[in-house]
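Below is one structure; the comments refer to it alone.
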Amino acid sequence: NGDMTADVGVKREGMAAEARQMRPFEVPLWIQFSIVLSCVLAAVFVITQGAAMAEPKAGLISEPVPKYLDAAIPMFFALMLIEGIFLQFVDLSSEGARYNLSGWWSSITAGSVQQIMEKALPAVIRYTWNPAVYIAVYERTTSCHFSWLQGSKSFLGTDDMKVFLFAFLSLDFTYYWFHRFLHTNAILWAGHAVHHSSDHYNLGTALRQSWWQSTVGFLPYLYLAVLGLPPRLYVAHKALNTLYQFWVHTCLVRRLPFIFEFFLSTPSHHRVHHDRRVHKNFGGILIIWDRLFGSFQSEYAGTSKENWDKEEACVFGISRNPGTWLEGVLQLNHFTPIISKISSASSITEILSYIVVGPGYYTVTKPRPIAAPKNQTTRRIRLQGTISSNIGVAYFIVHYLAGTITALLLLLKSNTRTDTLLITVLAMLFFTSEAFILDAHKRAWEFDFVRSLIGAVISKVLTRVSEDEIVMGYATVSFWFHLMFSAILVLTGRNLLRTTFEFGRRAKQS
């Protein structure tokens with residue numbers, strides 16, 4: 001079922017999860033403290049190491065820009081490992097807090113592909129998914145700039161407190177309203193729903209991101225370019241605003257002291273945000289925006305104080321579950337019903353309502369107390385992976401690691417258009433093949449065989465055209481990797497691996 005155990009059916013897992021629903025949910029304070037401390041130490045590492053890695057953005061920003069996101073990558077995996085270990089000590093009532101192979105893979109893959117697209121699309125079209133648009137607006141509106149924003153020389157503006165506060169507060173305020181519109185507008189929600197699509201809620205969920213949202217995510221911030229916020233400060237503060245939100249995706253930290261809960265977005269507040277029944281708590285770093293504009297919801301509003309942390313109130317995920325692990329379907333899952341409704345609409349007003357009115361349109365400011373479901377029909381975990389043998393799990397993990405290494409190579413070492421596009425195709429083939437395996441698709445064997453052949457060809461081309469020694473070395477290893485697995489699939493796949501997929505398909509149907 002994708003969690004490295006064999007033949008555990010979806011029905012059995014769902015019943016077990018519901019049976020555990022009312023068990024005590026307390027998390028020992030030492031575990032909560034350890035998670036918070038680990039996140040604080042990781043933040044210190046990211047800020048210092050990101051600053052040490054600072055360099056100009058080629059062709060965009062001449063001044064050094066800190067690489068906080070690059071520095072954060074190892075911290076993401078380290079913190080997920082720590083959380084996974086601590087989860088073994090806590091008997092949580094909801095399976096949504098835990099990790100399983102398929103859910104974790106889906107979140108990491110969505111985040112990887114989003115970063116891949118941010119790297120790959122500008123290789124074809126310059127003004128997409130990068131600071132290029134912000135910089136273009138900034139350079140063309142110099143007459144509108146506030147002169148006092150130009151004096152800071154530090155990465156975050158900390159050498160001029162008014163510049164730092166302007167950058168910090170304006171970006172967080174803008175993020176709040178943009179995030180709120182992502183939930184109240186149907187088209188925007190169709191893209192953002194990807195982040196909410198997991199029935200699990202753990203640190204891995206933070207990395208589940210939308211490709212489409214990245215194409216419009218910079219637009220709300222362009223007014224800052226007109227006002228004169230330097231691009232390097234915009235890039236740095238935007239990165240830190242995004243990175244802060246990683247740590248709030250956990251069930252292991254219950255409630256922080258009052259002062260933190262009042263001003264900051266915390267795990268408690270953000271769990272409410274990910275409840276599939278609620279559209280509230282949109283703040284990025286500060287929760288005060290929600291308190292000021294009527295969109296705040298306490299996790300405990302529907303629970304008596306004596307039952308706080310006695311049961312899991314939130315039910316994570318989205319109402320329209322994608323029902324597949326294919327990344328393309330996950331990304332487009334909410335666009336198809338909008339298109340279908342528009343095609344059958346009878347008036348302009350009706351068309352506009354389908355485009356504008358999102359799931360939180362009417363409820364964002366209305367009280368929505370939440371409580372743990374009291375019946376057996378509310379399924380917390382609705383989609384399971386279906387790898388039903390240890391060989392299948394091993395085969396999947398080997399290919400996942402290969403795909404992840406490919407994605408990291410693209411993000412960190414690809415510097416030419418040709419390298420970027422070829423490695424992008426290679427990574428996407430890996431991720432699509434892995435989704436076919438988790439879906440136990442009847443064509444999984446055939447697709448993986450074709451993927452191996454195409455991968456070998458692309459790898460061979462990379463050895464000839466790339467000028468980067470690391471990329472060339474990777475391509476050589478990748479070529480032989482794909483040839484080896486092509487041979488394995490030919491010799492044993494129709495009997496061994498296809499049987500694994502077939503077993504998985506039957507388990508899924510049952």
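Quantities reported herein were computed from a predicted structural model and do not represent experimental measurements. All residue numbers refer to positions in the sequence shown, counting from 1.
To the nearest 0.5 Å, the span separating CG on Asn281 from CG on Asp290 amounts to 5.0 Å. Atom CG of Leu229 is separated from atom CG of Leu222 by 12.0 Å, given to the nearest 0.5 angstrom. With values rounded to the nearest 0.5 angstrom, Ile259 atom CD1 is found 8.5 Å from Leu264 atom CG. Interatomic distance, Ile423 CD1 to Ile458 CD1, rounded to the nearest 0.5 Å: 10.5 Å. Rounding to the nearest 0.5 angstrom, the gap separating the CH2 atom in Trp30 from the CD1 atom in Ile35 is 9.5 Å. Rounded to the nearest 0.5 angstrom, Phe218 CZ and Tyr134 OH are separated by 12.5 Å.
Not less than 6.0 angstrom separates the ring centroid of Phe431 from the ring centroid of Trp325. The aromatic ring centroids of His279 and Tyr361 lie 6.0 Å or more from each other. Taking the six-membered ring for Trp and the full ring otherwise, the centers of Phe246 and Phe76 sit less than 6.0 Å from each other.
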Practice prompt. Could you give me the CA-CA distance, side-chain angles and deciding distance for Leu292 and Phe296, then say whether side-chain contact (heavy atoms from CB on, under 4.5 Å) is met?
Written response: CA-CA 8 Å; Leu292 287 172; Phe296 177 73; over 6 Å; no
Item to complete: For Trp148 and Phe166, run ring pair (Phe, Tyr, Trp, His ring centres under 6.0 Å): C-alpha distance rounded to whole Å, both residues' side-chain angles, the deciding distance at 0.1 Å, then the answer.
Response: CA-CA 11 Å; Trp148 57 270; Phe166 177 83; 5.6 Å; yes
Worksheet item: Are Trp289 and Tyr175 close enough, and set up right, to give a ring pair (Phe, Tyr, Trp, His ring centres under 6.0 Å), and what steps lead you there?
Response: CA-CA 10 Å; Trp289 311 123; Tyr175 175 83; over 10 Å; no
Item to complete: Test side-chain contact (heavy atoms from CB on, under 4.5 Å) on Phe178 and Phe282 and set out the steps.
Response: CA-CA 9 Å; Phe178 179 53; Phe282 306 108; over 6 Å; no
Discussion item. Evaluate Ser106 against Arg208 for side-chain contact (heavy atoms from CB on, under 4.5 Å), listing each step before the verdict.
Written reply: CA-CA 7 Å; Ser106 183; Arg208 180 180 289 247; 3.1 Å; yes
Fill in: Verdict with reasoning, Ser466 to Thr418, per side-chain contact (heavy atoms from CB on, under 4.5 Å)
CA-CA 8 Å; Ser466 180; Thr418 302; over 6 Å; no
Discussion item. Show, in sequence, the C-alpha distance, side-chain angles and deciding distance for Ser152 and Asp160, and conclude whether the side-chain hydrogen bond (donor to acceptor under 3.5 Å, both in side chains) test is met.
Written reply: CA-CA 6 Å; Ser152 174; Asp160 188 332; over 6 Å; no
Item to complete: With ring pair (Phe, Tyr, Trp, His ring centres under 6.0 Å) as the test, would you mind laying out the steps for Phe316 and His200 before giving the verdict?
Response: CA-CA 6 Å; Phe316 306 118; His200 294 269; 9.3 Å; no
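Using the six-membered ring where Trp is involved, Tyr221 and Tyr234 have ring planes that are tilted, between 30° and 60° apart. The aromatic rings of Phe164 and Phe168 lie parallel to each other, with less than 30° between the two planes, well short of the 60° mark.
Side chain of Tyr201 to main chain of Cys314: no donor-acceptor pair is present (N/O by atom type, distance under 3.5 Å, no hydrogens or angles). No donor-acceptor distance shorter than 3.5 angstrom exists from the side chain of Ser107 to the backbone of Trp104, with no hydrogens or angles considered. Using modelled atom types, no side-chain atom of Ser265 and backbone atom of Ile287 make a donor-acceptor pair closer than 3.5 Å. Put simply, the side chain of Thr205 gets close to the backbone of Asn202: a donor and an acceptor are under 3.5 Å apart. In this structure, Ser154 contributes its side chain and Gly157 its backbone to a donor-acceptor pair below 3.5 Å. Between the side chain of Ser197 and the main chain of Val194, a donor-acceptor pair closer than 3.5 Å is present. Under the 3.5 Å distance criterion, the side-chain polar atoms of His273 are matched with a main-chain donor or acceptor of Lys280.
Put simply, the side chain of Val272 does not reach to within 4.5 Å of the side chain of Ser298, judged on heavy atoms. When side chains are defined from C-beta on, Leu165 counts as touching Met161, because their heavy atoms get closer than 4.5 Å. Looking only at side-chain heavy atoms (C-beta outward), Thr424 and Met428 come within less than 4.5 Å of each other. Using a 4.5 Å heavy-atom threshold, the side chains of Pro220 and Phe181 count as separate. Between Met53 and Asp70, some side-chain heavy-atom pair lies under the 4.5 Å cut-off. The closest side-chain heavy-atom distance from Ile47 to Leu240 is below 4.5 Å. Residues Val65 and Phe155 are not in side-chain contact: their nearest non-hydrogen atoms beyond the backbone lie 4.5 Å or more apart. Using a 4.5 Å heavy-atom cutoff, the side chains of Cys39 and Leu79 are in contact.
The salt bridge (Lys or Arg N to Asp or Glu O under 4.0 Å) pairs that include a residue from residues 170-192 number zero, where partners must be two or more places apart or lie in different chains. A salt bridge (Lys or Arg N to Asp or Glu O under 4.0 Å) check over residues 396-407, counting only residues at least two apart or in different chains, returns nothing. Counting only residues at least two apart or in different chains, side-chain hydrogen bond (donor to acceptor under 3.5 Å, both in side chains) contacts with residues 185-195 comprise His179-His192, His183-His192, His192-His196, His192-Gln213, His195-His249, His195-His274. Residue pairs meeting the salt bridge (Lys or Arg N to Asp or Glu O under 4.0 Å) criterion with at least one member in residues 216-243, sequence neighbours excluded: Glu63-Arg232. Annotation: salt bridge (Lys or Arg N to Asp or Glu O under 4.0 Å) contacts involving residues 182-193, sequence neighbours excluded, are absent.
Residues that satisfy the side-chain contact (heavy atoms from CB on, under 4.5 Å) test with Ser268, not counting sequence neighbours, are Arg255, Glu261, Thr266, Arg271, Glu299, Tyr300. Annotation: side chain to side chain donor-acceptor pair (under 3.5 Å) contacts of Thr432 (sequence neighbours excluded): none. Under the side-chain contact (heavy atoms from CB on, under 4.5 Å) criterion, Ile405 pairs with Tyr474, not counting sequence neighbours. Qualifying side chain to side chain donor-acceptor pair (under 3.5 Å) partners for Gln150, counting only residues two or more places apart in sequence or in other chains: Tyr138. In this structure Ser34 satisfies the side chain to side chain donor-acceptor pair (under 3.5 Å) test with no other residue, sequence neighbours excluded. Thr250 is linked by a side chain to side chain donor-acceptor pair (under 3.5 Å) to Glu83, counting only residues two or more places apart in sequence or in another chain. Remark: Arg451 pairs with Asp448 by the salt bridge (charged side-chain N to carboxylate O under 4.0 Å, His left out) rule, at least two apart or across chains.
Nearest heavy-atom pair, Arg276 versus Ser319, reported as atom, atom and distance to 0.1 Å: CB-N, 4.4 Å.
No more than 12 heavy atoms of other residues, nucleotides or ligands lie within 6.0 Å of CZ in Phe33, so this atom counts as exposed by the packing criterion.
For Thr242 and Tyr68, the side-chain atoms include no donor-acceptor pair closer than 3.5 Å.
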